[in-house]
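Please read the structure below before turning to the comments.
Treat the numbers as computed from the prediction; the structure is a model and nothing was measured. Atom set for the values below is all heavy atoms of this structure, side chains included, hydrogens, waters and symmetry mates excluded.
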Amino acid sequence: MLFTDRVDAGRKLAEHLAASRDRDENEDLIVLGLARGGMPVAAEVAEVLRAPLDVCLVRKLGVPFQPELGMGAVAEEGVTVLNDHVVRASGVSKAELAEIERRERDLLERRARRYRGERPPLELGGRTVVVVDDGIATGSTARAACRAARDRGAAHVVLAVPVAPAGWGQGPERDADEVVCLHNPVGFLAVGQFYADFSQTTDEEVVECLDRAIARRAQSPPEANAEAERVANHDVELPLQVGPMRLPGHLSLPAGAERVVVFAHGSGSSRHSPRNRYVATALNRAGLGTLLFDLLTEHEEHARSNVFDIELLARRLIEVTRELRERPETRGRAVDYFGASTGAAAALWAAAELGTDVGAVVSRGGRPDLAQAHLPTVTARTLLIVGGNDHAVLELNSRARTFLRCENRLEVVPGAGHLFEEPGTLDAVADLARDWFLGRPAA
């Protein structure tokens, strides 16, 4: 036996993590425990690292005639991970797989309500997230958990477990930036063989872990929680009525926010875009409100032509802007736009039609050329951000500036490609956008 129980495993894993990380690295940390068995382990990690704790909801997809054999897993944010080899070998049909996934997602949603109650999930945008489980067997659930954290905007994902099979290292780490495992023993048959007590974790224990973590954070000095309270003062899912349809959105309003930045996603991406969520979190920390919403329905996204229907996207953006001006929580606040790719063209088109109702526009890797006819009538202060290695888009943005009559600037981020995936480049975008919306002078 390696561990007495999950609490013992959690303490040992926490000691290892605390010893291997600088104290400064823990300041922006969030710990997610896989429900249910990973939560007692994660609770010890969160306490030692003095980090917020949340539950990570993942459900194994078991083979119908052998439920203990996992052929994949599902997690929040619509994440699905499949083991293609097991699916093929078991002969499970697409219809059977879809039904199993539907059933497990229903259970996942019920457990989310039971564990969190009315509390929303912790905001992961731009944070370092430590995903903790009580051990790794096949790795499907761990992979799903890491992908879910990434989809929720995590900037850096660490997968931490007490035990995994010898030679393990070819699966979940593809979905994590860093993997921490205390033991990789030979003769691995199941996680439970390395625990003296591996009794099943109950729903009540999961809730107790979360309640203890919340109580601990509440007892921390006020200054330790001041930023978290300011960032998440008003953080809600916000369905938006656009014509006959409702588009899902997410509104974050820090206390005292005077401006709301509406994100116009491009190239068919949604409000779950990790890059836009990363920027939105940075803006929230600067005291700016943000609204991320889907410009297209799931059905519309399948038609590629809709992604380049700039007029359609602009009309939706205009309607959402007008709704914001009528809603009690956003009425009286200035509205700005942050657009990416084709979403930037829609933002400029909408800004041209709305005039002074839009204060500023920031474009990240945008296609302002797709709204060229409307550029001369844009009055909003406009910042165009392009990657230095994105040569074609840089040329399009340089040409588009000649049509703008408003205050405008072109910022080139050295070494960045179109998606700003290179280290530090998305941080540069967030800093530039923040300063532009706040009206700060260029550095």
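Although no hydrogens or angles enter the test, the distance criterion places no donor-acceptor pair under 3.5 Å between the side chain of R277 and the main chain of L124. The main-chain N or O of A282 is never found under 3.5 Å from a side-chain atom of R434 such that the two would form a donor-acceptor pair. Here the side chain of T330 pairs a donor or acceptor atom with the backbone of L324 at under 3.5 angstrom. The backbone N or O of F420 sits less than 3.5 Å from a side-chain atom of T425, completing a donor-acceptor pair. Judged by distance alone, the side chain of D435 and the main-chain N or O of G439 form no donor-acceptor pair under 3.5 Å. Side-chain atoms of D54 never come within 3.5 Å of backbone atoms of L32 as a donor-acceptor pair (strictly under, hydrogens ignored).
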Problem - Derivation of the side-chain contact (heavy atoms from CB on, under 4.5 Å) call for M39 and E205 - result: CA-CA 8 Å; M39 280 301 289; E205 287 176 287; over 6 Å; no

Handout entry: side-chain contact (heavy atoms from CB on, under 4.5 Å) between R409 and R381, intermediate numbers included
Key = CA-CA 9 Å; R409 195 167 82 230; R381 300 169 57 251; over 6 Å; no

Practice task
Quick one: do R316 and D294 satisfy salt bridge (charged side-chain N to carboxylate O under 4.0 Å, His left out)? Show the steps, please.
Solution key: CA-CA 10 Å; R316 299 248 170 112; D294 294 351; over 6 Å; no

Practice task
Under the side-chain contact (heavy atoms from CB on, under 4.5 Å) rule, what do L295 and L247 come out as? Steps first, then yes or no, please.
Solution key: CA-CA 7 Å; L295 282 164; L247 298 175; 5.8 Å; no

Practice task
Give the C-alpha distance, both sets of side-chain angles, the deciding distance and a yes or no for side-chain contact (heavy atoms from CB on, under 4.5 Å) between F293 and V262.
Solution key: CA-CA 8 Å; F293 78 102; V262 180; 3.7 Å; yes

Exercise for the section: Evaluate salt bridge (charged side-chain N to carboxylate O under 4.0 Å, His left out) for E204 paired with R114, printing each intermediate quantity in order. Expected result: CA-CA 9 Å; E204 289 72 23; R114 178 166 188 175; 2.5 Å; yes

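With rounding to the nearest 0.5 angstrom, the CG atom of L53 is 10.5 Å from the CG atom of D211. One finds the CG atom of L375 at 12.0 Å from the CZ atom of R401 (value rounded to the nearest 0.5 Å). Taken from CD1 in I310 to CD in Q372, the straight-line distance is 13.0 Å, to the nearest 0.5 Å. Within the model, atoms CG of N389 and CD of E422 stand 6.5 Å from one another, a figure rounded to the nearest 0.5 Å. Atom CZ of R399 and atom CG of D369 lie 8.0 Å apart (nearest 0.5 Å). If you take CG on D309 and OG1 on T342, they are separated by 10.0 Å, rounding to the nearest 0.5 Å.
Residue pairs meeting the ring pair (Phe, Tyr, Trp, His ring centres under 6.0 Å) criterion with at least one member in residues 109-131, sequence neighbours excluded, do not occur. A salt bridge (charged side-chain N to carboxylate O under 4.0 Å, His left out) check over residues 244-262, counting only residues at least two apart or in different chains, returns the pairs R259-D336. Applying the ring pair (Phe, Tyr, Trp, His ring centres under 6.0 Å) rule to pairs touching residues 323-342 yields F263-F338, sequence neighbours excluded.
In terms of heavy-atom proximity, A380 sits nearest to C406 at O-SG, 3.2 Å. When all heavy atoms are compared, the tightest approach of A148 to A75 is CB-CB, 3.9 Å. Scanning both residues, A314 and A350, for their nearest heavy atoms gives O-CB, 4.0 Å. Across every non-hydrogen atom of G366 and N397, the tightest pair is O-ND2, 3.1 Å. Between L34 and V131, the closest heavy-atom pair is CD1-CG1, 3.3 Å. Shortest non-hydrogen contact noted between V45 and A14 is CA-CB, 3.7 Å.
Considering only heavy atoms from C-beta on, D133 stays 4.5 Å or farther from V191 through its side chain. With contacts defined as side-chain heavy-atom distances shorter than 4.5 Å, the pair L313/L296 qualifies. Looking at heavy atoms from C-beta onward, I136 lies out of side-chain contact with C181 at the 4.5 angstrom threshold. Inter-residue side-chain proximity for L291 and V320 is flagged as met; some heavy-atom pair is nearer than 4.5 Å. When side chains are defined from C-beta on, I385 counts as touching V362, because their heavy atoms get closer than 4.5 Å. Looking at V55 and R111, their side chains never come closer than 4.5 Å, going by heavy atoms from C-beta outward. Side-chain contact between T128 and E178 is absent, with no heavy-atom pair separated by less than 4.5 Å.
D357 and R322 are not joined by a salt bridge, as no carboxylate oxygen comes within less than 4.0 angstrom of a charged side-chain nitrogen. The residues E353 and R315 are annotated as salt-bridged, a charged nitrogen and a carboxylate oxygen being separated by less than 4.0 angstrom.
In this view, R36 and D203 satisfy the side-chain hydrogen bond (donor to acceptor under 3.5 Å, both in side chains) rule, not counting sequence neighbours. In this structure H374 satisfies the ring pair (Phe, Tyr, Trp, His ring centres under 6.0 Å) test together with W349, sequence neighbours excluded.
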Can you list, pair by pair, the side-chain donor-acceptor contacts under 3.5 Å of residues 93-101, counting residues two or more places apart and other chains?
unit_1	atom_1	unit_2	atom_2	d
S93	OG	E96	N	3.1
S93	OG	E96	OE1	3.3
E96	OE1	S93	N	2.9
E99	OE1	R102	NE	3.2
E99	OE2	R102	NH2	2.6
E101	OE2	T80	OG1	2.9
E101	OE2	R105	NE	3.3

